[in-house]
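Input: a single structure, listed below in C-alpha cells.
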Protein chains: 2
Amino acid sequence: MDEPRRPSSLHGTSHPGKIPGATRKGTETRARIIKGALEALENGGMEALTTRKIAASAGVRLATLHYYFDNKESLLLAVLEDLIADMAEAYQADIPASHDPQERIETVIRSMWRYVQRTRNKQLAQTELTLYALRTQGADWLAARQYNAYIDFYSKLIFDGMGEISEDKKQIGTAVARFMLIGIDGLILQNFALHNDGDTNEGVETLIIATQDLVRRLQAEARLAAG
Amino acid sequence: MDEPRRPSSLHGTSHPGKIPGATRKGTETRARIIKGALEALENGGMEALTTRKIAASAGVRLATLHYYFDNKESLLLAVLEDLIADMAEAYQADIPASHDPQERIETVIRSMWRYVQRTRNKQLAQTELTLYALRTQGADWLAARQYNAYIDFYSKLIFDGMGEISEDKKQIGTAVARFMLIGIDGLILQNFALHNDGDTNEGVETLIIATQDLVRRLQAEARLAAG
DNA sequence: GTCTATATGTGGATAGAC
DNA sequence: GTCTATCCACATATAGAC
C-alpha cells in the first residue's frame, strides 16, 4: 500500500555493494561488520539498532558499512544468513556417542538447553532477526532456510552414524527434529519472559519425555508398515 | 552504556499524558489509538511502525496521540497491556463441555490452533511486542504478566467447572498449561517460518498427545503421593 | 480534548578526497 | 577500500490557538 521498496534489495542480500568481497582483505571487513551488527543487536535490540551503532561496534566508519552493503536491510539479512551458516559449529555439538536414539534425544536437548541459557541475548537477537525476515517481503525464505537448517541439524544429531539411514529413519528424524525445535523455541520464549528457571527445567524434562515417546511411536508405526 | 532513558517511562505505561482518561470521551479516544497502533503493527511490523502511521490508522492527529501517551514506548506497552486484558475474550473459548481433561486438552489445542491460523498477523504483532517488552528495560514484567495470563487461561480451560479444584489439580493445571503454551508458541514460529501447514498439523497432533500423556503422568504421581 | 504548525534531533545514505 | 563531510528525509515530540 505504501512501501516503495527498491527492487535490488533481494539480490543485495548476499553480496556487497559493488563488486567487492572478492578482495582478500575486503572479505574480512565484511565479516567484521556482520559480527559488529550482531553484537550491537544482542546488546540493544532491534528497536535501538542503527547503522551508526553497528559501524562503531564493528570499528568501521559509517561509509565503509555502506560500501559493503547496499542498505540496512541487506546487512540485517546477511547477519541472519551468517547465523544460519555458522549454526552447527556455534552449538559445537558433536554427534552423541550412544547409538540409542532415546539417549541421544536426552543428551541433545539438555546440551542445547544449556547453550541457549548461556547465550540469552544471542537467542533474543536471533528471534528478532527471524521476525524481521518474516516481516520483510521477499525475505521470508530466509526464515524458512533457518528452520530447515535446524531441523536438518537436529535430525543428524539423533540418527547419524548409525549405519545407512533408511527412508523410514530419515522421515522419523525429520518429524522428531521438528517437534524438538517446536519445544526449544517455545521454551526459549517462556523462559525469557518468566525467567523462572525451575519451572522451565520442568518443561525441559517434559519435552525430553515427549520427544522420546514420539520416536517410540513413529518407530512402532514404521515397523508395522514394513510388516 | 548510552541510553539516556527518561525515568518516567515506566509510570507512563498505563495512564495518559497529563490526567485525562478520566473523561468519558477521552477514554474512547485512548482506546481508538491503541486499536490503531495494533492495526498498524499487524500490517507493517515493528520496523515500519511510526507514530504518524499509528495516528493515521487511528483516525487521530499526531498531537492527539501525544496528548494521551507520553511517548511511543508507553503507547506500545499499553498496546501489549490491552492485548493481555482482552486475551480471554479474543480467543472466545468457552470452557469445553466435557469433564474429561484429556478431551478438553484436545479441544482446546485444536481451537487455539485454528484461531492462531486465522490471525497470523496478530500473532506476529504480539510476538514482536513481547520481544520489545523483553528488550525494554523496566518493562519485562509485562512479558511475564502476559505469559502468566495465558497459563492461567489454559489452566482454567482444562480443569475449571469440575467441582472444587484441589491443590493437586491446580498444580497439575499450571504445569500442563505451561507445556501447552510452550508447544503453541513453538508451533506459531515454525508454522510462520515454514508455512507448511501439513507438517505443522502433524506437530499439533503430537502436541495433543504429549500434553495428554503429561496429564496422565502427573495425575498418576499425585495419586501415588496421596496414597 | 483536538487541532495546525513547527521545533529538533537523528537516521540512512551519498559525494568525493585520499 | 576507507575515510571526512554532508545531504535530506522523516521521526518523535512540543507550542499554542481553538
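Below, all heavy atoms of this structure are taken into account, side chains as well, without hydrogens, waters or symmetry copies. The chains referred to below are lettered A, B, ... by the order of the sequence lines, with proteins before strands, and numbering in each begins at 1.
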Less than 4.0 angstrom between a side-chain N/O of [X] and OP1 or OP2 of [N], yes or no?
X	N	result
H66(B)	dA13(D)	yes
T51(A)	dG12(C)	yes
R52(A)	dG12(C)	no
T29(A)	dT2(D)	yes
Y68(B)	dT2(C)	yes
T64(A)	dG1(D)	no

[X] [atom1] to [N] [atom2]: how many Å, rounded?
X	N	atom1	atom2	answer
D70(A)	dG12(C)	CG	P	15 Å
N71(A)	dA13(C)	CG	P	5 Å
M46(A)	dG12(C)	CE	P	11 Å
Y67(B)	dG16(D)	OH	P	17 Å
L65(B)	dC3(C)	CG	P	11 Å
L76(A)	dA13(C)	CG	C1'	16 Å
F69(B)	dA11(D)	CZ	P	20 Å
I54(A)	dT10(C)	CD1	P	18 Å

Candidates dT4(C), dT4(D), dA13(D) - which lies nearest the side chain of R61(A):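 Looking only at side-chain atoms, R61(A) lies closest to dT4(D).
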Criterion side-chain contact (heavy atoms from CB on, under 4.5 Å) on R30(A) and F69(A), from CA distance to verdict: CA-CA 9 Å; R30(A) 195 186 126 97; F69(A) 298 92; 3.3 Å; yes
Go through the side-chain N and O atoms of [X] and [Y] and say whether any donor and acceptor fall under 3.5 Å apart.
X	Y	result
Y147(B)	D185(B)	yes
Y91(B)	Y154(B)	no
T136(B)	E73(B)	no

Earlier contact from the 5' end, DNA chain D, for L49(B) and V60(A):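 The answer here is V60(A).
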Nearest-nucleotide comparison on DNA chain C, the residue closer to the 5′ end among T50(A) and A63(A):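 Nearest nucleotide further toward 5': that of T50(A).
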Ion pair R135(B)/E128(A), N-O distance below 4.0 Å: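 Counted as a salt bridge, because a side-chain N and a carboxylate O are separated by less than 4.0 Å.
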